[in-house]
Amino acid sequence: MQRPQNPPRGTIDLLSPESLSCRYIENLAQRIFESAGFQEVKTPIFEATEIFVRAAGEASDIVNKEMYTFEDRSGRSLTLRPEGTAGVVRAYLTNGLDRKTKPVKLWYSGEMFRYERSQVGRYRQFRQIGVEIFASGGVLIEFEAITLALKLFQELKIKDLVLEINSVGDFESRKIYQEVLRSFLKEHENKICPDCQKRSESNPIRALDCKIPEDQELYKQAPKIKDYLNNESLEHHKQLIKLLEDFNINYIWNESLVRGLDYYNNTVFEIKTNNKTLANQNTICAGGRYDSLVKDFGGDNTPAFGWALGLERVMQIAEINLKQNIDFFLINELGQENIIEIISLANKLRNLKFKICFDYDNKSPNKQFELAKKLNAEKIIIFKEGKLILKDLLNEKQFVFENSEELIKNII
RNA sequence: GCAGGUGUCGCCAAGUGGUUAAGGCCCUGGGUUGUGGCUCCAGUACCGCGGGUUCGAUUCCCGUCAUCUGCCCCA
């Protein structure tokens, strides 16, 4: 077989140091979520196809062209999860979390799968870290969830972030608004771009996000969603904005902000980066409120809020500089008959939490020194003429010990 | 699904329609040193794949695949 040139399209291998960055971000996220009392949930990577169809909506792009769907051996239709929320909602109900202390605050981290054209910051298998909160309908939980995300990015030293928020209202008013907007787009059908002509049917609100300047100019006169929000939605939105302002959190009220999934109501938000390396894939975190999804899944009427971030995207702009190293490299100048002593010392030091490597292949001392250097060893221990020499490779200082006990005593 | 760019060793990268396809890095083995990081020697490519043009193609053409970028859409 020929050497394989690439992993499957849209997938990447994560090697050190990127794999270290990945874990670093996950650990940081865990710490931040747990600081706010969130609990981790690990749901299956695949679910019954129906779960995602019901959550994302029959008409959504995710369902129509992006799912990895397959039949198992008994003919069940299963799908690799394209997003995290549906599975978590399912788990919330199947595990009876609706009978636990509320609100239920969950977080997760894991792979998602979408069959789409890969680009910068866009993969067919990608990782998301997210939170889902059930049974709290107010703005406080939204504020907390959003600030947790901001806190995470802040700790990752990611600058130039923009928080965009909007309210898409409740389902009734959104429906009315969509119709009004659709009429507006129909009216100007000959002036707008072909994409927007399509969008006027499929998702009129999305048209407002069009990148074409002429279209943008026209849409300044388009009906505004905030004029169609009912008092409750408007009040909700104002409360959230007030909280953000009270804490000096910068935000943009982006009235054309909509999410790709049908289930959102009232608050939706995105966190975008100005970092050019991600080009148009500059949304690194997005989410919103989805008060009807639990009920749609057969549960009680339960308000919910959540978001997800794209781990690969975050990694690309986070500039985490981690390097794998070892504490001691054991150099054997005495030959293979001495190997028991080497292994014993390695085990003792590893039990003391030191990172230890040594040569397995009877290499010459010279090669062992090179190996120590390549593995970023901070110190070496040389077994020579019945003694142990400890050398610090950073400052060249060295000490001689009679045996390993004496050496260990001086290390700790 | 649509549009454009690219495809020479693990990585980077010269090059030509015609004898053995540069070089650098990395890797492996060895010499020197001998508590290394210098240096020296050696080794590793059927030029993405298939077809065509041609006396002859890695170099020209077509197709295909892969990859990158943009659109749609999205984290």
Rounded [atom1] spacing from [N] to [M] in Å:
N      : M      : atom1 : answer
B/rG29 : B/rU64 : P     : 45 Å
B/rC12 : B/rG7  : C1'   : 15 Å
B/rC9  : B/rA45 : P     : 11 Å
B/rG31 : B/rA57 : C1'   : 42 Å
B/rU58 : B/rU19 : P     : 11 Å
B/rU44 : B/rA21 : C1'   : 15 Å
B/rA14 : B/rU8  : C1'   : 10 Å
B/rC62 : B/rU53 : P     : 15 Å

Query raised in the report: Quick one: does A/Gln128's side chain get under 4.5 Å of A/Tyr108's, heavy atoms only?
Result: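 Sidechains of A/Tyr108 and A/Gln128: in contact.
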Query raised in the report: Given side chains that start at C-beta, do those of A/Met67 and A/Ile62 come closer than 4.5 Å, heavy atoms only?
Result: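 When only atoms from C-beta onward are counted, A/Ile62 and A/Met67 do touch, with a gap below 4.5 Å.
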Requested in this report: Look at all strands and tell whether A/Ile284 reaches a base, only sugar-phosphate, or nothing, counting heavy atoms closer than 4.0 Å.
Outcome: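 A/Ile284: backbone/sugar contact only, no base atoms under 4.0 Å.
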Short side-chain N/O contact from [X] to OP1 or OP2 of [N], under 4.0 Å:
X        : N      : value
A/Lys65  : B/rC73 : no
A/Arg9   : B/rU67 : yes
A/Arg199 : B/rC73 : yes
A/Gln119 : B/rG70 : yes
A/Lys272 : B/rA75 : no
A/Asn280 : B/rC71 : yes
A/Ser118 : B/rU67 : no

Query raised in the report: With a centroid cutoff of 5.5 Å and a plane-angle limit of 30°, would you call A/Phe369 stacked on B/rG37?
Result: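 Not stacked: fails the 5.5 Å / 30° test.
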Query raised in the report: Do the charged groups of A/Glu116 and A/Arg124 touch, with an N to O distance under 4.0 Å?
Result: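 Salt bridge: no.
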Query raised in the report: Has the side chain of A/Gln398 got a donor or acceptor that lies under 3.5 Å from a partner of the other kind on the base of B/rU35?
Result: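 Side chain to base: pair found, below 3.5 Å.
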Query raised in the report: Between the base of B/rC73 and the side chain of A/Arg122, is there any donor-acceptor pair under 3.5 Å?
Result: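 Result: at least one qualifying N/O pair found.
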Report task. Would you please classify the geometry between the A/Phe38 ring and the A/Phe33 ring as parallel, tilted or perpendicular, with 30° and 60° separating the classes? Result ->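 Plane angle between 30° and 60°, so tilted.
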Query raised in the report: Can you name the salt bridge (Lys or Arg N to Asp or Glu O under 4.0 Å) partners of A/Arg76, sequence neighbours left out?
Result: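 Residues passing salt bridge (Lys or Arg N to Asp or Glu O under 4.0 Å) with A/Arg76: A/Asp72.
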Report task. Determine which nucleotide pairs with B/rG63, using a 3.5 Å limit on both distances of a Watson-Crick or G-U wobble pair. Result ->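 Pairing partner, where one exists within any strand: B/rC49.
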